[in-house]
Amino acid sequence: MRELKGLTVANDMTEKTLQRVQELEARGITPMLATVRVGANPGDIAYENGLLERAEKNGIDSEQIVLPENITQEDLLAEIDKLNQDPGVDGVLIFRPLPKQIDEEAVCRALDPKKDVDGITPGSMAGVFMGSEKGFPPCTAAACIQMLDYYGIDLNGKNVTVFGRSLVVGKPVAMMAMDRNATVTICHSRTTPEMLRDAGRKADVVIAAVGRADFLTRDLTGEDQIILDVGINDDGAGGICGDVDQEAASAAAAVTPVPGGVGSVTTAILMDHVVTAAARSALQKK
Ligand code: NAP
């Protein structure tokens, strides 16, 4: 079994991102990412620190917006509007889930799709479905496709089975695979065990995005498959593991490890989106 390492893909992307940033810098443009955090969730803070560090390494400016846990819907929407109007901000990332008093969907809807580098707005989703460049695809879905591209895995005419149908991973990655001429099956919690087996076994490429350790067992997989393991689960020993069990992983032709697989590429995609947002905005100002 071949391991499709994410770090190699992320490093390659970072090199290209740095080059694009330099080209923009030469025209007096520095891409800027704004992060919006409500409250002080330790997971959000850890992710935020990682993002800001990564932005700096990529030559991207960043602004950290931290709002009180008890912020009202109105005040949060006003903050989003400010960022929408600010010509200096190219991309906005809002940490979610948001506190209970906030209507998260309304917040997602309020963000300008042009700045939606994390792919959370209906405008971005429409772009994924229409194959247009209106907003940006969700970073994890884009990371899956990026990994396949990097490792030269062509989806044209292939059977792709996606386990999971969330808006963050399953649905968008299925659309993106179909856009590359794959025939796609999407499975979810209501798919019958027989259908899960059939869909898993017939696939050339399996994308597991369920969020359950050892979900993808050997009886759900076929021969000579490429498996992208998107899951991030508690391994019960202080670490993380994916959705794919050891036996299924060993039998695959290639598999992305967890940690060190798709997750490592996700942040590189976000940086790429910020630079693209800055380039698109510069083009519009011309
Ligand atoms: P989610 O919103 O909880 O969606 C999970 C999906 O799995 C749902 O569509 C659900 O079906 C389906 N599912 C649950 N049990 C199933 C079963 N027994 N058989 C078939 N399908 C089943 O999770 P998510 O946000 O998509 O994330 C999925 C995993 O990816 C999580 O482990 C998450 O931590 C990880 N993740 C990783 C990254 C990264 O950068 N690598 C980023 C985001 C998420 P229903 O729709 O019917 O409920």
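We count ligands from 1, going down the list as the structure has it; atoms in each ligand are counted the same way. Note that the coordinates shown come from a computational prediction; the quantities given were computed from them, not determined experimentally.
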In the protein, what heavy atom is nearest to [atom], and what distance, to one decimal place, separates them?
| atom | answer |
| --- | --- |
| atom 21 (N) of ligand 1 | H188 C, 3.1 Å |
| atom 3 (O) of ligand 1 | V210 O, 4.4 Å |
| atom 26 (O) of ligand 1 | S166 OG, 2.5 Å |
| atom 11 (O) of ligand 1 | S189 N, 3.2 Å |
| atom 9 (O) of ligand 1 | R165 N, 2.8 Å |
| atom 31 (C) of ligand 1 | G211 CA, 3.5 Å |
| atom 27 (O) of ligand 1 | V169 CG2, 4.3 Å |
| atom 42 (C) of ligand 1 | T140 OG1, 2.9 Å |

Sub-4.0 Å atoms of ligand 1 with respect to non-hydrogen atoms of [X]:
| X | result |
| --- | --- |
| V230 | 30 (O), 35 (C), 36 (N), 37 (C), 41 (N) |
| N233 | 32 (O) |
| F215 | 17 (C), 18 (N), 19 (N), 20 (C) |
| A209 | 5 (C), 6 (C), 7 (O), 28 (C) |

Would you say the side-chain atoms of [X] pair up with the backbone N or O of [Y], donor to acceptor, closer than 3.5 Å?
| X | Y | result |
| --- | --- | --- |
| Q225 | A254 | no |
| Y47 | P42 | no |
| D243 | R212 | yes |
| R20 | E23 | no |
| E63 | T35 | no |

For ligand 1, note which part of [X] has a heavy atom under 4.0 Å away: side chain, backbone, both or neither.
| X | result |
| --- | --- |
| T266 | side chain |
| T191 | neither |
| F163 | neither |

Response to the item:
Output for pair (L216 CG, D229 CG), nearest 0.5 Å, gives 8.0 Å
Worksheet item: Roughly how far, to the nearest 0.5 Å, is the CG atom of D103 from the CD atom of Q73?
Response: 5.0 Å
Practice prompt. Indicate the ring-plane relationship of F136 and H273, choosing parallel, tilted or perpendicular according to the 30° and 60° boundaries.
Written response: tilted
Worksheet item: Applying the side chain to side chain contact (heavy atoms under 4.5 Å, CB included) test to I60, which of L33, L270, L52, D90 qualifies?
Response: L33
Worksheet item: With respect to atom 34 (O) of ligand 1, which of D234, L220, I232 exhibits the smallest heavy-atom separation?
Response: I232
Worksheet item: Does a donor on one side chain and an acceptor on the other come within less than 3.5 Å for T256 and K5?
Response: no
